[in-house]
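Notes for the one structure printed next.
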Amino acid sequence: MRTSWADSVANSQAENPTTGASDNNSSFHPARSTYVPPHLRNRPPSSDPPAPSQSAPPPANDRVGNSGPAAGPAWGAGSSRHDAGRPGYVSSGGRNVGGWNNRSGGWDRGRDREVNPFADEDITEPAFSDQENTVINFDAYEDIPVETSGDNVPPPVNTFAEIDLGEALNLNIRRCKYVKPTPVQRHAIPISLGGRDLMACAQTGSGKTAAFCFPIISGIMQGQYAQRPRGARTVYPLALILSPTRELSCQIHEETRKFSYQTGVKVVVAYGGAPINQQLRELERGVDILVATPGRLVDLLERARVSLQMIRYLALDEADRMLDMGFEPQIRKIVEQMDMPPPGLRQTMLFSATFPKEIQRLASDFLSNYIFLAVGRVGSSTDLIVQRVEFVHESDKRSHLMDLLHAQRENGVHGKQSLTLVFVETKKGADALEHWLCMNGFPATTIHGDRTQQEREQALRSFKSGNTPILVATDVAARGLDIPHVAHVVNFDLPNDIDDYVHRIGRTGRAGKSGLATAFFNENNLSMAKPLADLMQEANQEVPAWLTRYASRVSYGGGGRNRRSGGGRFGGRDFRRESSFTRGADFYGGGNSSGGYGVPGGYGGAPGGYGPSNGMTSAWD
DNA sequence: AAAAAAG
């Protein structure tokens, strides 16, 4: 019933044959007609054993790694490698014997208890049987503009096969049915494998988690890390992944577990609102990658149950959020004031769909000689999301929402209602709207920070399963959550920041599928008129004339913080490109005129600087 | 001003 891996390729090619025609700015067009899936690549004409069937995961006690029929086909000798400068790598002539899975630490005994994270795949979405839709529509990503800046940017890859991620990880990639890397993965993975720090700005739903997870897992598998101290009850993770909400941390954990299945790399999640004792027990069983929200991590650090002194990889998901006003002190405490190795001694990766310049400036404190990567337009899935704005007075919002929901119910696809995510401004407002919807016969639930963690997770489960096809949410659900089958995002209350809008609408149109986003605009949202109109225009959306009129009245005080003015097509642009020419002392925190971004060589004509003629590559060139 | 994140 699931399509096979090869069929997925065929399907994704057949589904959307015309996508490539529109964008004249793209300079890279992978030769789709000659595409060969990774498991068929680099294969000598005969003699190699067949690739394993990805529809039949091996039993849970399957031997790990180097032996068995899976070894070989994906890594032909002579395929290009990006292992330069990675300490500890052992080249093994294309057969990956010996370089992998020889970590010390001896918790192999725990491995046979490792729960198969792929086992419950088919029962998690009982309401949706069209499994082929879970395959990413790659053609939707073919023509995406890419911009990189920094010293010696490693070239992108076109397939997973040409990256030496290791047998066990590649097997998991196949189990996940990832056919080929998404644009952000194509660029970010070689950068990370090259040992470089990275600030990456990529559209919502484009596979950022895998982009930072694969190099971490691969690096840990290869690393000959010194025996970690075994302090009384302290654990010493090698990698830390931080995210701004508990649900997102959960999701990253789930995903990372799949990627690390039978690799010997242990992933543990820690977040607030859940009993700490169970998390402590998990930690005591060993942890290589710790996924956490900031508050609970600080708690664990203060109890000395976790030490960061062995951290080799730090990833901040939704990094701009993590560094905004509310979170910044906590993040600085974790990254700068505990025992984490400084930039240069760890590898740091920051990911988000949006990256305002002022946040980039803060973030550069955490980075060393980093590469900036921007993939896609205006931080959004743009073309895949149809955006509508309607003028709705505050008092009319509920009845207007009901009209939308009625229409959607009647248009219901295949008899089942598609999922609708409704964003509101306040927690009280969320409860009130949920109650009203339920009273009016619409099965709704709500997620916000005043609910218990149990309630939050239950709400999300109920929504995902289609049991409660309407979810009323505050911004707690705005970022990162990957909820399949969200057909419609309603901004019942518009946010005050255009970046929040970008993240919210990004809950639909995921994995290359289309989606609809409707915003209710009224006199309370005047400050959003211009940023919203600009964003929609850049995304080739139809902008109502009335909104353009509001937008042209420039007197609204900039409350919407139109960071994109003059910003052009990219959701993110490397702030170093501008600051290196303005040289304002305020950008450098005073006096620190060359090393402020960890960029050796400064900004002048020196080799490795940021002159327009060197140290920069771009997909446009 | 609101949201999130520790209990």
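Here is the naming used below: chain letters follow the sequence lines, and residue numbers restart at 1 for every chain. None of these values were measured; they are calculated from a predicted model.
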Tell me the interatomic distance from [X], atom [atom1], to [N], atom [atom2], rounded to whole angstroms.
X      : N     : atom1 : atom2 : value
A:R479 : B:dA2 : CZ    : P     : 20 Å
A:M528 : B:dA1 : CE    : P     : 19 Å
A:K427 : B:dA1 : NZ    : C1'   : 12 Å
A:H503 : B:dA4 : NE2   : C1'   : 14 Å
A:R321 : B:dA3 : CZ    : C1'   : 6 Å
A:M325 : B:dA3 : CE    : P     : 14 Å
A:N524 : B:dA2 : CG    : P     : 14 Å
A:E425 : B:dA4 : CD    : C1'   : 13 Å

Does A:R576 form a side-chain contact (heavy atoms from CB on, under 4.5 Å) with A:Y370? I'd like the steps, not just the answer.
CA-CA 11 Å; A:R576 294 175 298 185; A:Y370 67 95; 3.4 Å; yes
Per-nucleotide pairing state of DNA chain B [Watson-Crick or G-U, under 3.5 Å; [ ] pseudoknot-crossing; | other strand]:
.......
Can you pull the salt bridge (charged side-chain N to carboxylate O under 4.0 Å, His left out) pairs that have at least one residue in residues 336-346 of chain A, sequence neighbours excluded?
A:R332-A:E336
Excluding sequence neighbours, so at least two apart, what forms side chain to side chain donor-acceptor pair (under 3.5 Å) with A:S249?
A:S243
Which listed nucleotide (B:dA2, B:dA4, B:dA5) is nearest to the side chain of A:Q330?
B:dA5
Base, sugar-phosphate or nothing for A:G272? Non-hydrogen atoms, less than 4.0 Å.
sugar-phosphate
So A:R456, base contact, sugar-phosphate only, or nothing? Heavy-atom distance under 4.0 Å.
sugar-phosphate
Please confirm whether the shortest side-chain N or O distance from A:T474 to OP1 or OP2 of B:dA4 is below 4.0 Å.
yes
On the nucleotide B:dA5, are OP1 or OP2 found under 4.0 Å from the side-chain N or O atoms that A:R246 carries?
yes
Looking at residues at least two apart in the chain, or sitting in another chain, which of them share a salt bridge (Lys or Arg N to Asp or Glu O under 4.0 Å) with A:D320?
A:R479
The criterion is salt bridge (Lys or Arg N to Asp or Glu O under 4.0 Å); which residues satisfy it with A:K397, sequence neighbours excluded?
A:E394, A:D493
More than 12 heavy atoms of other groups within 6.0 Å of A:Q537 CD:
no
Output a table of donor-acceptor pairs, distance under 3.5 Å, between side-chain atoms of residues 442-450 of chain A and any protein atom two or more places apart or on a different chain; print 'none' if there are none.
from: A:T446; atom 1: OG1; to: A:V472; atom 2: O; distance (Å): 2.8
from: A:H448; atom 1: ND1; to: A:D450; atom 2: N; distance (Å): 3.0
from: A:H448; atom 1: NE2; to: A:D431; atom 2: OD1; distance (Å): 2.9
from: A:H448; atom 1: NE2; to: A:D431; atom 2: OD2; distance (Å): 3.3
from: A:D450; atom 1: OD1; to: A:K427; atom 2: NZ; distance (Å): 3.2

